[in-house]
Participant: 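Shown below is the structure under consideration.
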2 protein chains.
Amino acid sequence: MDEPAHAPAPARRGGNGRAGRVAYDLDAVLSVAVQAFNERGYDATSMGTLAERLGTSKSAIYYHVSGKEELLRLALERALGNLERLLDEPDPAASALDRLERVLRGAVRVLVAELPFVTLLLRLRGNTEVEREALARRREFDHAVARLVEEAVADGALRSDVDARTATRLLFGMVNSLVEWYRPGGGLSADQLADAVVAMAFEGLRA
Amino acid sequence: MDEPAHAPAPARRGGNGRAGRVAYDLDAVLSVAVQAFNERGYDATSMGTLAERLGTSKSAIYYHVSGKEELLRLALERALGNLERLLDEPDPAASALDRLERVLRGAVRVLVAELPFVTLLLRLRGNTEVEREALARRREFDHAVARLVEEAVADGALRSDVDARTATRLLFGMVNSLVEWYRPGGGLSADQLADAVVAMAFEGLRA
DNA sequence: AGTCCTACTTACCGATCGTTCAGTCAGGCT
DNA sequence: AGCCTGACTGAACGATCGGTAAGTAGGACT
């Protein structure tokens with residue numbers, strides 16, 4: 001067991017590629033990197049650790065990506081792209097409340113489907129330019145949802161005794177927290193989870 | 001402005017101590033450290049940065065604490081101690097729902113009062129033994145609250161169509177998220193915040 | 001057969017990390 | 001006057017960091 005233990009089977013090129021080479025593609029490197037970043041934190045994860053987990057050398061990684069920060073950038077792009085797509089094509093005929101519920105369910109779906117990538121996004125500190133840009137895009141997403149909440153309050157669909165901004169933040173806190181505990185295959189599907197989130201958010205826990 | 005810009009005025013010893021010395025005590029070092037850890041992450045914060053912010057040298061810090069990890073340990077102890085105290089002396093006559101609400105409000109109060117310390121706690125990754133021990137204590141706290149939720153569901157006070165464990169986690173997600181956005185002095189008091197949390201958690205957002 | 005490209009490897013770089021150590025200096029004590 | 005202690009300073013330590021340069025095995029292509 002002193003062979004590269006955590007590495008997924010390297011993608012041996014079949015079909016269109018060269019055969020017989022131990023070739024990692026960018027996706028394999030990225031997924032191993034993101035998992036490590038989430039386990040130990042971005043800063044605490046060295047390129048050496050990544051190489052170990054991939055079963056290669058540090059420099060091999062630099063063949064696929066320009067550096068550590070590009071791994072971060074690619075991962076954040078994937079998370080943000082999926083979230084931002086939730087805001088496209090809203091049904092203009094639907095009520096603000098309906099659109100909010102749809103975004104909420106969509107967010108749960110994306111968080112579950114892209115768990116490691118979104119996890120990374122939600123833990124950013126803003127130390128570098130890459131991180132700050134991602135944080136700005138995340139803030140823009142948050143604001144779009146906040147506008148939906150305000151609209152629903154104006155419609156009289158949501159209670160007005162709780163500040164809309166505070167409500168939005170608590171709502172997001174609830175949804176985003178799932179990256180800290182939800183693990184797929186644990187007997188709770190993404191749909192069930194979305195149901196629980198919507199139920200608690202809109203109707204509350206009281207019997 | 002090339003003097004130690006971020007350093008709080010060093011505690012010049014008055015009264016019982018020696019006068020005229022630039023003396024930092026442990027509390028001052030700790031509070032600067034925790035703030036830096038929260039801004040840039042524990043791993044991304046170097047002892048050199050801490051020294052700069054304190055307006056001293058790296059080695060001066062080692063006079064007060066045994067090392068970087070002890071700063072972390074002291075900070076986590078403060079956060080965990082305050083949270084764990086919430087579970088002491090519950091009124092055994094009160095219903096599970098009442099006790100849950102009291103813990104919830106207490107948690108909001110502690111998070112607000114000890115914001116930087118709890119923030120640090122909630123961002124742990126478990127890289128070292130110190131971090132893993134803190135995570136274990138945090139899990140124990142979570143379990144105690146989960147038991148309260150289960151009790152309240154058994155009483156019929158909370159809805160049973162949402163899994164108690166899931167509900168607890170969403171509840172905590174909501175409360176814990178406030179370290180990411182709540183800033184004191186922003187026109188929202190801790191009590192108002194607790195009201196909003198309890199309202200949303202128990203009654204939901206629907207008008 | 002010879003050349004080219006892909007996908008690496010080994011060896012190393014300078015910078016920075018947390019930490020240590022020896023020395024210093026102001027004030028209090030005797 | 002002499003000594004002690006508390007609170008540092010400045011220089012250096014070895015380890016580790018992210019990243020680079022140069023070389024190369026092996027299949028594809030001509």
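Just so it is clear: chains get the letters A, B, ... in the order the sequence lines come, proteins before strands, and each one is counted from 1. Scope of the values below: all heavy atoms of this structure, side chains included, with no hydrogens, waters or symmetry mates.
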Participant: I need the CD-C1' distance between B:E52 and C:dT16, as an integer number of Å.
Facilitator: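 To the nearest whole Å, that distance equals 13 Å.
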
Participant: Listed by chain and number, what are the salt bridge (Lys or Arg N to Asp or Glu O under 4.0 Å) partners of B:R132, not counting sequence neighbours?
Facilitator: B:E129

Participant: Taking B:R53 for the side chain and B:V32 for the main chain, is one N or O donor matched with an acceptor at less than 3.5 Å?
Facilitator: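 Flag not set: sc B:R53 to bb B:V32 has no pair under 3.5 Å.
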
Participant: If you round to the nearest 0.5 Å, how far is CZ of B:R206 from CG of A:L158?
Facilitator: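 Reported to 0.5 Å precision, the distance equals 7.5 Å.
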
Participant: Is the shortest side-chain N to carboxylate O distance from B:R137 to B:E77 below 4.0 Å?
Facilitator: yes

Participant: Where the side chain of A:S57 is defined as all heavy atoms beyond and including C-beta, which of D:dC8, C:dT6, C:dT10 is the nearest nucleotide?
Facilitator: C:dT10

Participant: One character per nucleotide, please: for nucleotides 12-17 of chain D, 5' to 3', B when the base has a protein heavy atom closer than 4.0 Å, S when only the sugar-phosphate does, - otherwise.
Facilitator: B----S

Participant: Is the phosphate of C:dC8, meaning OP1 or OP2, less than 4.0 Å from a side-chain N or O of A:H64?
Facilitator: yes

Participant: Heavy-atom contacts under 4.0 Å between residues 123-132 of chain B and DNA chain D, which residues?
Facilitator: none

Participant: Quickly work out the A:I61 CD1 to C:dA7 C1' distance and round it to whole Å.
Facilitator: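 In whole Å, C:dA7 C1' lies 13 Å from A:I61 CD1.
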
Participant: Tabulate protein N/O versus nucleotide N/O from nucleotides 21-23 of chain D, keeping only pairs under 3.5 Å, one per line.
Facilitator:
none

Participant: Can you tell me how far P of C:dC17 sits from CD of B:E69, to the nearest Å?
Facilitator: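 Those two atoms, CD and P, are 18 Å apart.
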
Participant: Can you measure B:Y63 atom OH to C:dA22 atom P for me and round it to whole angstrom units?
Facilitator: 18 Å

Participant: Using the test side chain to side chain contact (heavy atoms under 4.5 Å, CB included), find all partners of A:E151 that sit at least two apart in sequence or belong to another chain.
Facilitator: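 A:E151 satisfies side chain to side chain contact (heavy atoms under 4.5 Å, CB included) with A:A96, A:R99, A:L148 only.
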
Participant: State which of D:dT20, D:dA7, C:dT19 makes the closest approach to the side chain of A:Y62.
Facilitator: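 It is D:dT20.
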
Participant: Could you tell me which non-hydrogen atom of B:A75 sits nearest to which non-hydrogen atom of B:L30, and how far apart they are?
Facilitator: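 In this case the closest contact between B:A75 and B:L30 is N-CD1, 4.1 Å.
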
Participant: Near B:R165 CZ, under 6.0 Å, is it more than 12 heavy atoms from other residues, nucleotides or ligands?
Facilitator: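 Open.
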
Participant: Run the side chain to side chain contact (heavy atoms under 4.5 Å, CB included) test against B:E70 and tell me which residues pass, sequence neighbours left out.
Facilitator: B:V65, B:S66, B:R73, B:L74

Participant: Please give, in whole Å, the distance from C:dA7 C1' to A:L26 CG?
Facilitator: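 Distance check: A:L26 CG to C:dA7 C1' gives 14 Å.
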
Participant: Begin from the C-alpha positions of A:F172 and A:F141 and carry the test side-chain contact (heavy atoms from CB on, under 4.5 Å) through to its verdict.
Facilitator: CA-CA 11 Å; A:F172 263 108; A:F141 177 76; 3.7 Å; yes

Participant: Would you say the side-chain atoms of B:N38 pair up with the backbone N or O of B:P116, donor to acceptor, closer than 3.5 Å?
Facilitator: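 The answer is yes, because a donor-acceptor pair under 3.5 Å joins these two groups.
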
Participant: Could you point out which residue of B:V34, B:T119, B:N82 forms a side chain to side chain contact (heavy atoms under 4.5 Å, CB included) with B:E114?
Facilitator: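 Passing option: B:N82.
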
